[in-house]
Protein chains: 2
Amino acid sequence: MELESKFRLTKEGEKIFGNGPCLLLETVRKLGSLSKAAKELNMSYSKAWSMINRSEKALGCLLIDTQIGGTGGGGSNLTPVAEYLIKAYRDFYKEAIYILDVLYRKYFEGF
Amino acid sequence: MELESKFRLTKEGEKIFGNGPCLLLETVRKLGSLSKAAKELNMSYSKAWSMINRSEKALGCLLIDTQIGGTGGGGSNLTPVAEYLIKAYRDFYKEAIYILDVLYRKYFEGF
DNA sequence: CAACGTTGTTTTTTCATTAGGATAACGCTC
DNA sequence: GAGCGTTATCCTAATGAAAAAACAACGTTG
């Protein structure tokens, strides 16, 4: 038996940030492009775009800095806010997973 | 900004137990009937039944002890396994929520 | 100035999960 | 044996998410 845990930051019920957007942003940082990141993660561009867009709307500030046209057609890079959020979420996540595993063993060891 | 957390016990990907089944079982214990519990929670009987059934299948043992027919048409009562699971889950949940709130403030206080 | 690959956006279609409705079986009570 | 309320089960409908398609706008490159 295993424990599955999910976390999500919200603002008045609106989704702001979670595992999906975090992974997507990290891939954007690696590839410098939202469309390439979507391909890498096997999701449609429109889904990737709407994930970022929704987070930005709920958050009230930009997560990616985009360029349309130009060399290579354009691209996307992370804003400082996005970098901050990713780091905070990853640190939080790592610690949370560790503690929850301890709790899980404490309460469900026998099962 | 708030943190939303969800937990679920699984076995090889199959859902075993979580917030929904736990609340449903607690309501069954209170009312002595699965159909009454479903009404109290505003869900259809078939949904309530399938929730329990799926958990039992994944778990490999019974969670409710049912009687069909007889006085009042029958009814359902919790098995010792169900009682054990409910208590373990509630204790786990309470402690997990507390710790996660501490972590949340630690990492996202500024936001 | 044409080509290219990207972003931005809308619309349509597909798909999976969930919710609900209908019905049979059951056993006690009257 | 009829009536009742429950459990058990199946089948259909509704909801919502995901995917896909389509197209305009953009700016550098050659």
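Throughout, a chain's letter reflects where its sequence line sits, starting with A, and its residues are numbered from 1. Nothing here was measured: the structure is a model prediction, and the numbers come from that model.
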Discussion item. Let's see if you can work this out: which of dT9(D), dA19(C), dA19(D) has an atom nearest to the side-chain heavy atoms of K47(B)?
Written reply: dA19(C)
Worksheet item: Between atom CG in N42(A) and atom P in dA18(D), what is the gap in whole Å?
Response: 15 Å
Worksheet item: Pick one: which of I86(A), D65(A), L85(A), L62(A) meets side-chain contact (heavy atoms from CB on, under 4.5 Å) with L78(A)?
Response: I86(A)
Discussion item. Measuring from the side chain of T71(B) (C-beta onward, heavy atoms only), which nucleotide among dC28(C), dT6(C), dT9(C) has the closest atom?
Written reply: dC28(C)
Worksheet item: Do other residues, nucleotides or ligands put more than 12 heavy atoms under 6.0 Å from the CD atom of Q67(B)?
Response: no
Worksheet, complete the sentence: Between CD of Q67(A) and P of dC4(C) the distance, given in whole Å, is 21 Å
Item to complete: Using a cut-off of strictly less than 4.0 Å, decide whether S33(A) has a side-chain nitrogen or oxygen near OP1 or OP2 of dT7(C).
Response: yes
Worksheet item: When all nucleic acid strands are considered with a 4.0 Å heavy-atom cut-off, which category describes S76(A): base, sugar-phosphate, or nothing?
Response: sugar-phosphate
Fill in: NZ/NE/NH1/NH2 to OD/OE distance under 4.0 Å, E26(A) and R90(A)
yes
Worksheet item: Between R29(B) and E83(B), does at least one N-O distance fall below 4.0 Å, as a salt bridge requires?
Response: yes
Practice prompt. For K15(B), answer base if it contacts any base atom (sugar-phosphate contacts may also be present), sugar-phosphate if it contacts only those atoms, and nothing otherwise; contact means non-hydrogen atoms under 4.0 Å.
Written response: sugar-phosphate
Worksheet item: Atom OH of Y45(A) to atom P of dG5(C): distance rounded to whole Å?
Response: 16 Å
Worksheet item: Do the side-chain N or O atoms of W49(B) get closer than 4.0 angstrom to the phosphate oxygens (OP1, OP2) of dT7(D)?
Response: no
Worksheet item: Heavy atoms under 4.0 Å, any strand shown: does T66(A) hit a base, just sugar-phosphate, or nothing?
Response: sugar-phosphate
Fill in: F111(B)/Y84(A) under ring pair (Phe, Tyr, Trp, His ring centres under 6.0 Å): CA gap, chis, key distance, verdict
CA-CA 10 Å; F111(B) 252 79; Y84(A) 183 91; 5.6 Å; yes
Worksheet item: Which listed nucleotide (dA21(D), dT6(C), dA8(D)) is nearest to the side chain of I68(B)?
Response: dA8(D)
Item to complete: Give the rounded distance in Å between these two atoms: CG of L34(B) and C1' of dT9(D).
Response: 13 Å
Discussion item. If I take atom CD in residue E56(B) and atom C1' in nucleotide dT7(D), what distance separates them, rounded to the nearest angstrom?
Written reply: 12 Å
Worksheet item: In whole angstroms, how far is the C1' atom of dT7(C) from the CG atom of L24(A)?
Response: 14 Å
Worksheet item: Which whole-number value in Å describes the distance from K57(B) NZ to dA8(D) C1'?
Response: 11 Å
Practice prompt. Rounded to the nearest angstrom, tell me the gap between atom CG in L63(B) and atom P in dA8(D).
Written response: 12 Å
Worksheet item: Taking for each residue the nucleotide of DNA chain C bearing the nearest heavy atom, is the 5' side occupied by M43(B) or by S46(A)?
Response: S46(A)
Worksheet item: Under 4.0 Å between a side-chain N or O of S44(A) and OP1 or OP2 of dA18(D)?
Response: no
